[in-house]
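See below for the structure under consideration.
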Amino acid sequence: MQLDHLAFAAGPEGLDETTRRLGGQLGARFVEGGFHPRFGTRNRILPLAGGQYLEVVEVLDHPAAEKAPFGQAVRARSEDGGGWLGWVVSVDDLGPFEQRLGRTAVDGSRFTPEGHQLRWRQLGVKGLQSDPQLPFFVQWLSDPGQHPSAGGGEVALSKLEIAGDHDRVDEWLGGKANLVLDQLDIEWVAPNGQPGVVAAVFTTPNGLVRV
């Protein structure tokens with residue numbers, strides 16, 4: 001179990017302008033991700049050091065976006081002005097989490113601009129919708145060499161600021177929060193405020209940057 005990526009919803013200015021702005025802050029260029037046919041969304045990716053990546057995602061005018069929880073979550077966040085959508089934890093096997101949470105994982109896929117199909121299963125987006133401090137889970141099915149973090153190195157995630165409760169997150173992760181949280185500097189802020197990712201701090205060619 002490890003932190004896989006962060007998800008950021010495009011604002012009303014759209015995916016192009018949002019990634020241009022973030023790329024300027026971080027001193028790095030986002031690359032084209034692709035279309036998620038099951039979710040009605042598309043994304044752009046910034047590979048990070050340490051096997052992680054930053055995803056900026058935009059909802060599309062597509063029937064899947066109305067039905068899929070992920071599409072619904074992206075739309076709601078974008079209509080609220082855009083910003084941090086959530087954080088995502090990767091696991092080798094979603095089976096135990098499906099049993100514990102009483103939910104079934106859904107399949108996800110997208111084709112990269114190079115023509116490779118990335119495939120994964122994900123679980124817990126409804127938890128994110130109801131309590132945005134909670135990460136959702138992903139199990140990658142594609143070859144590890146095709147992970148979206150490939151080619152990262154100049155920008156690294158340094159710290160995550162989360163409005164929420166460590167114990168609640170630990171419970172959601174099955175009492176294994178230390179496997180994820182010990183890898184990263186987490187600052188728990190505003191325990192009585194609106195839960196969710198407040199900010200992320202990155203080590204960049206421009207120095208430390210808080211987004």
Side-chain angles (χ1 to χ4, degrees), residues 1-11 15-34 36 41-58 70 73-74 77 82-92 108-114 116 118-120 122 124-125 128 132-162 169 173 177-187 196-211:
M1 180 185 293
Q2 62 184 12
L3 179 65
D4 189 76
H5 68 277
L6 302 179
F8 191 99
L15 187 63
D16 291 344
E17 181 60 25
T18 300
T19 53
R20 186 202 66 77
R21 173 173 56 82
L22 290 177
Q25 289 179 265
L26 298 173
R29 180 176 177 273
F30 284 78
V31 297
E32 191 66 40
H36 308 126
T41 56
R42 68 180 181 124
N43 68 1
R44 287 194 180 154
I45 298 295
L46 178 62
L48 303 173
Q52 300 164 348
Y53 68 98
L54 171 59
E55 163 190 56
V56 179
V57 62
E58 176 182 60
F70 186 73
V74 174
R77 189 69 181 94
W84 290 111
L85 179 66
W87 52 303
V88 187
V89 171
S90 65
V91 298
D92 294 330
S109 67
R110 65 176 172 85
F111 281 95
T112 70
E114 296 77 26
H116 303 300
L118 293 179
R119 298 174 55 246
W120 66 90
Q122 66 185 49
V125 174
L128 167 73
Q133 68 179 304
L134 302 177
F136 66 91
F137 305 94
V138 62
Q139 176 187 344
W140 289 97
L141 304 178
S142 298
D143 186 285
Q146 296 179 351
H147 188 268
S149 66
E154 287 194 340
V155 178
L157 179 62
S158 176
K159 184 173 78 170
L160 199 56
E161 298 176 20
I162 301 176
V169 172
L173 295 175
N178 62 302
L179 296 178
V180 179
L181 305 184
D182 286 355
Q183 305 168 13
L184 182 67
D185 183 10
I186 301 281
E187 182 178 355
V197 175
V198 174
V201 179
F202 299 87
T203 302
T204 79
N206 300 332
L208 288 178
V209 175
R210 182 179 181 271
V211 175

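If you're wondering where the values come from, they're calculated on a predicted model, not measured in any experiment.
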Sidechain-backbone polar pair: Trp87 side chain, Gly196 backbone, donor-acceptor under 3.5 Å: no

Has the side chain of Arg77 got a donor or acceptor atom that lies under 3.5 Å from a matching backbone atom of Gly82? yes

Closest heavy-atom pair and its distance - Pro205, Gly27: CG-O, 4.2 Å

Quick one: pull up CD in Gln52 and CD in Gln2 and give me the separation to the nearest 0.5 Å. 7.5 Å

Which class fits the ring pair His36 and Trp120: parallel under 30°, tilted 30 to 60°, perpendicular over 60°? perpendicular

Is there side-chain contact between Leu85 and Pro132, with heavy atoms separated by less than 4.5 Å? no

What do you reckon, is CZ of Arg29 surrounded by more than 12 foreign heavy atoms closer than 6.0 Å? no

Looking at OG1 of Thr203 and NZ of Lys159, how far apart are the two atoms once the value is rounded to the nearest 0.5 Å? 11.5 Å

Between Gln25 and Asn206, does the side chain to side chain contact (heavy atoms under 4.5 Å, CB included) criterion hold? Intermediate values first, please. CA-CA 8 Å; Gln25 289 179 265; Asn206 300 332; over 6 Å; no

What pair of heavy atoms forms the shortest contact from Ala156 to Ala49, and how long is it? CB-CB, 3.9 Å

Backbone N/O of Pro113 and side chain of Glu32: donor-acceptor pair under 3.5 Å: no

Spacing of CD1 belonging to Ile45 relative to OG1 belonging to Thr19, to within rounding of 0.5 Å: 11.0 Å

Distance-only, no hydrogens or angles: does the Thr18 side chain make a donor-acceptor pair with backbone N or O of Gly11 under 3.5 Å? yes

Which atom pair, heavy atoms only, marks the closest approach of Leu48 to Phe202? CD1-CE2, 4.0 Å

Result for side chain to side chain contact (heavy atoms under 4.5 Å, CB included) between Trp84 and one of Val198, Val211, Leu160, Ile162 points to Val211

Is the closest side-chain heavy-atom distance between Asp143 and His116 below 4.5 Å? no

Mark yes or no for whether Ser109, through its side chain, and Arg119, through its backbone, hold a donor-acceptor pair below 3.5 Å. no

Minimum-distance pair of heavy atoms, taken over all atoms of Gly23 and Phe30: N-CE1, 3.7 Å

Is Asp92 reaching over with its side chain to a backbone N or O of Met1, donor-acceptor style, under 3.5 angstrom? no

Could you tell me which residues satisfy ring-ring contact (aromatic ring centres under 6.0 Å, His included) with Tyr53, sequence neighbours excluded, listed by chain and number? His5, His147

Sorted by first residue and then second, give each salt bridge (Lys or Arg N to Asp or Glu O under 4.0 Å) pair with at least one member in residues 200-211; sequence neighbours left out. Glu161-Arg210

Validation row: Leu26, Leu54 side chains within 4.5 angstrom (heavy atoms): yes

Heavy-atom check, side chain of Asp185 versus side chain of Val201, under 4.5 Å: no

Quick one: are Val56 and Leu22 in side-chain contact, heavy atoms under 4.5 Å? yes

Indicate yes or no: at least one non-hydrogen side-chain atom of Pro135 is less than 4.5 angstrom from one of Leu3. no

Decide yes or no for Val89 and Asp4: does some side-chain heavy atom of the first lie under 4.5 Å from some side-chain heavy atom of the second? no

Nearest heavy-atom contact between Ala150 and Gly145 is CB-O, 3.9 Å

Could you pull out all residues at least two apart from Gln139 that satisfy side chain to side chain donor-acceptor pair (under 3.5 Å)? none

With a 4.5 Å limit on heavy-atom distance, are the side chains of Phe70 and Leu128 in contact? no

